[in-house]
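Have a look at the structure below before the remarks.
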There are 2 protein chains.
Amino acid sequence: MNAEIVAIGSELLTPFRQDTNSLFLTQRLNELGVEVIFKTIVGDRPAHLLQAARVALSRAQIVIFSGGLGPTEDDLTRECVAEALGVELRRDHEMVTALYTRAAALRMRMAENNIKQADYIVGAELLKNPRGSAPGQWLDTTYDGLRKIVILLPGPPFEMEGMFNDHCCDRLKLVLPEVRLATCELKIAMVGESTADMRAAKIYKQFADVETTILAKAGEVQFHLTAHGATQEEAEEKIERVASLLEDEFADEMFSAGGESLEQIVGYFLQMRGATLAVAESCTGGLLAERITRVGGSSRYFMGGALVYSDALKREFCGVPPLLLASDGAVSRPVAAALAEGIRQRCKTTLGVGITGVAGPTGGTDHKPVGLVYIALADGKHTEVVERVFPGDRERIRWYASQLALDLLRRKLR
Amino acid sequence: MNAEIVAIGSELLTPFRQDTNSLFLTQRLNELGVEVIFKTIVGDRPAHLLQAARVALSRAQIVIFSGGLGPTEDDLTRECVAEALGVELRRDHEMVTALYTRAAALRMRMAENNIKQADYIVGAELLKNPRGSAPGQWLDTTYDGLRKIVILLPGPPFEMEGMFNDHCCDRLKLVLPEVRLATCELKIAMVGESTADMRAAKIYKQFADVETTILAKAGEVQFHLTAHGATQEEAEEKIERVASLLEDEFADEMFSAGGESLEQIVGYFLQMRGATLAVAESCTGGLLAERITRVGGSSRYFMGGALVYSDALKREFCGVPPLLLASDGAVSRPVAAALAEGIRQRCKTTLGVGITGVAGPTGGTDHKPVGLVYIALADGKHTEVVERVFPGDRERIRWYASQLALDLLRRKLR
């Protein structure tokens with residue numbers, strides 16, 4: 001079966017906001033074997049909403065509306081979908097009581113217009129919303145003689161996701177043919193998108209029964225694999241075939257086959273080895289530490305470190321010799337090495353990372369251009385230093401630097 | 001006039017990717033006085049694309065298609081829009097030459113299917129694309145007897161934005177009535193969305209001729225004001241009336257009326273006062289420093305600081321007395337104060353900030369729950385400490401803490 005998702009709300013037609021509910025809904029629908037064939041975004045005007053509802057009902061088998069179920073004058077999804085289907089609205093008296101009870105529990109007097117949230121499209125089941133006030137609706141009906149599943153969900157993502165999980169997944173499973181679907185997410189670090197695609201395409205193009213989506217961000221490429229099968233085992237075998245070939249192809253660069261972030265993987269390796277880490281960051285200004293400490297429980301292996309934006313603090317916190325700063329400059333291979341080993345000793349950790357570079361937009365020279373970064377990793381016996389010139393703006397250069405530092409840690413520890 | 005934006009590409013119907021071109025296009029169209037009334041997202045299948053094109057042409061005056069103009073078999077926007085309009089495609093021979101020339105310049109042999117990028121819908125002007133290979137198309141035509149402006153743009157944002165700016169804005173201005181439009185963006189910090197809206201609504205509801213959109217993220221609310229006028233002065237006067245009342249209402253909390261970020265404003269104040277800053281971060285793990293150093297040139301006022309995740313480093317880098325850590329615990333008012341003043345002295349800066357807290361998800365107790373954060377600001381004479389319990393998950397708690405630290409700095413320096 002196929003589906004159309006209609007997101008309702010005039011704010012979704014401004015330059016400032018975007019429908020994100022459809023990403024969640026698409027994922028869930030895909031898991032149930034349903035393909036999303038159209039997405040429509042429409043404002044609060046009844047004529048437009050009615051038009052969007054009619055178009056969606058005429059071209060998709062499942063139509064999911066999100067938004068416009070609240071109590072205000074602008075909330076007209078119930079009214080317009082009922083009109084598109086050519087049926088009436090009725091008031092559910094149990095729901096009226098529930099609305100009064102909810103208001104009373106919140107010590108509020110219920111506003112008159114709240115009551116319309118108890119209106120249902122004739123033939124629909126109301127879906128409870130413990131996370132908000134507006135109930136959703138489920139309708140198994142016909143339009144132009146064809147069977148249609150029509151679902152009305154609230155707009156706030158928290159309410160919408162809960163309601164879909166609680167009330168819609170099971171109902172859809174009863175309606176849909178059983179699906180045997182397997183998915184897998186592989187992530188690689190520090191390989192360009194086009195290189196990654198070229199190397200991966202040789203593999204995934206041989207397997208037409210596995211769908212491969214490639215997603216790239218700075219310093220990371222993700223392969224999302226999906227396959228169907230007559231049995232769950234068959235679907236998983238199909239995935240496994242492609243995944244294991246991709247794992248061989250990207251043996252060194254692949255860091256996760258289970259959705260983990262690079263900082264999670266590094267944290268996992270550090271714990272596994274009983275190792276501790278400290279960092280000294282110049283151009284990344286705390287980004288590396290911020291990423292490492294996104295992981296809950298990172299205090300078990302991350303001790304801290306120093307933000308050494310000024311040369312004075314490179315000396316003070318990491319003991320970088322003043323002569324080295326004077327002879328080689330703050331952005332140099334030996335200073336990166338001194339930062340890494342200096343912070344390691346100072347913080348008494350197993351490993352130390354030092355980063356120094358030119359993040360831009362100013363401060364670049366012919367000799368040391370914007371994007372030049374040195375990253376050092378010290379273990380007390382040996383200090384490894386990598387030199388790179390990253391492309392892009394300040395934000396991108398800093399991100400690449402933190403990504404490469406994490407990847408050096410991963411390679412060291414695995 | 002009104003518009004519909006149709007984004008084309010099967011990847012936009014997966015859970016992994018989203019149409020973002022429409023945000024840019026909506027902003028530009030709004031500036032030209034055009035309202036976006038529908039957005040549609042459709043995949044590469046010709047039947048669906050044709051259907052979407054027909055629906056859009058029937059309900060909007062300006063229809064902008066983005067994507068599907070490349071050389072592959074999946075790129076069918078030209079073909080489907082021509083069919084929807086009931087006209088043919090013709091090949092532009094100058095463009096064929098240009099495609100061959102481009103391939104030659106890149107030392108590539110041109111693939112046969114590249115040639116279809118030179119096809120234009122009869123009646124359309126081709127729009128040059130110096131940023132890629134696929135040209136766009138502009139068509140001033142009729143559909144069902146009504147005038148329609150139809151624009152075909154490439155999908156990659158960089159190519160699409162350049163082409164719209166270079167070729168479409170001026171053409172649209174010739175077609176559209178002249179617009180006198182003024183906009184303004186006001187930002188406030190550390191006020192909840194519903195409180196901000198309640199206080200702002202008293203003001204903006206009195207002015208029906210100014211459109212106010214409210215956007216909230218953790219610790220920040222933005223008011224986007226838009227007004228039209230017969231003259232530019234009139235539009236600006238309308239905005240000014242609402243903006244100045246909002247500025248009075250949120251005198252203390254408003255930090256920007258020109259789009260600047262909170263970290264930019266803090267940097268601006270630090271420079272203006274000739275002051276320098278150092279930070280000591282525990283639970284935020286570098287986030288505050290990372291935000292401060294997002295601003296280019298921040299090395300003029302930000303010296304650095306310490307990441308003091310472990311208690312040992314709180315002593316080592318900031319001189320926090322061991323007895324204080326033992327008696328009050330690392331997450332406490334006096335430790336925050338000691339971090340701020342300690343890092344200030346150590347880094348020899350005008351101001352020092354110290355942050356300590358429980359970011360979660362674990363580590364909370366009845367006495368010190370997840371979300372409890374102490375933020376201290378020291379100037380050498382006085383140390384101010386703020387205690388807050390922030391809601392939400394680890395990411396949100398850390399963001400709130402960094403936001404409040406920046407806001408304390410702003411209030412101190414302004």
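Every chain is numbered from 1 and lettered A, B, ... according to where its sequence line falls, protein lines coming before strand lines. Side chains included, hydrogens not; waters and symmetry mates left out as well; all remaining heavy atoms used.
- For Ser298(B), the parts lying under 4.5 angstrom from a heavy atom of chain A are both the backbone and the side chain.
- In terms of modelled atom types and a separation under 3.5 Å, the side chain of Gln18(B) and the main chain of Asp19(A) share a donor-acceptor contact.
- If you measure heavy-atom distances from Glu35(A) to chain B, the contacts under 4.5 Å come from the side chain alone.
- Across every non-hydrogen atom of Leu23(B) and Arg17(A), the tightest pair is CD2-O, 3.6 Å.
- In this structure, the portion of Val55(A) lying under 4.5 Å from any heavy atom of chain B is its side chain and not its backbone.
- Using a 4.5 Å cut-off between heavy atoms, Glu395(B) does not touch chain A at all.
- Between Arg394(A) and Thr293(B), the closest heavy-atom pair is NH2-O, 2.5 Å.
- Between Asn30(A) and Pro15(B), the shortest heavy-atom distance links the atoms OD1-CD, 3.6 Å.
- Most heavy-atom pairs under 4.5 Å with chain B, from the set Lys314(A), Gln27(A), Arg291(A), Glu316(A): that is Glu316(A).
- If you tally non-hydrogen atom pairs under 4.5 Å between each of Gly304(A), Ser10(A), Ser22(A) and chain B, the highest count goes to Gly304(A).
- The number of heavy-atom neighbours closer than 6.0 Å to CD of Glu211(A), taken from other residues, nucleotides and ligands shown, is 12 or below.
- To the nearest 0.5 Å, atom CE of residue Met303(B) and atom CG of residue Asp311(A) are 10.5 Å apart.
- Atoms OG1 and CD1, on Thr26(A) and Ile41(B) in that order, are 9.5 Å from each other to the nearest 0.5 Å.
- Residue Ile292(B) does not touch chain A at all, counting heavy-atom pairs closer than 4.5 Å.
- Once rounded to the nearest 0.5 Å, the distance linking CZ of Phe317(A) with CG of Leu307(B) reads 9.5 Å.
- Proximity to chain B (any heavy atom under 4.5 Å) is shown, for Ala312(A), by neither the backbone nor the side chain.
- Annotation: maximal heavy-atom pairing with chain A below 4.5 Å, among Cys283(B), Ala7(B), Ala289(B), occurs at Ala289(B).
- Of all the listed residues (Leu215(B), Leu288(B), Leu25(B)), the one sharing the greatest number of non-hydrogen pairs under 4.5 Å with chain A is Leu215(B).
- Between chain A and the options Ile5(B), Leu13(B), Val36(B), Thr284(B), heavy-atom pairs under 4.5 Å are most frequent for Leu13(B).
- Within the 4.5 angstrom heavy-atom criterion, atoms from both the backbone and the side chain of Ala52(B) approach chain A.
- With a threshold of 4.5 angstrom between heavy atoms, Ser282(A) does not approach chain B through any atom at all.
- In this structure, chain A has a heavy atom under 4.5 Å from the side chain of Leu313(B), while its backbone stays farther away.
- Only the side chain of Arg398(B) comes within contact range of chain A, with heavy atoms under 4.5 Å apart.
- When Val308(B), Leu29(B), Thr362(B), Thr213(B) are compared by the number of non-hydrogen pairs under 4.5 Å with chain A, Thr213(B) comes out ahead.
- Top candidate by heavy-atom pairs under 4.5 Å with chain B, chosen from Ala280(A), Ala278(A), Gly305(A), is Gly305(A).
- Gly296(B) and Pro361(A) make their closest contact through CA-CD, 4.0 Å (heavy atoms, listed as atom of the first residue, atom of the second, distance).
- Across all non-hydrogen atoms, the minimal contact from Phe16(B) to His224(A) is CE2-ND1, 3.2 Å.
- Heavy-atom pairs under 4.5 Å with chain B were tallied for Gly297(A), Gly360(A), Cys347(A), Gly43(A); the largest tally goes to Cys347(A).
- The two residues Thr40(B) and Arg59(A) make their nearest non-hydrogen contact at CG2-NH2, 4.4 Å.
- For Ser299(B), the parts lying near chain A are the backbone and the side chain together; criterion is any non-hydrogen pair under 4.5 Å.
- Using the six-membered ring where Trp is involved, His48(A) and Phe38(B) have ring planes that are tilted, between 30° and 60° apart.
- Only the side chain of Ile343(B) comes within less than 4.5 Å of a heavy atom of chain A; its backbone N, CA, C and O stay farther away.
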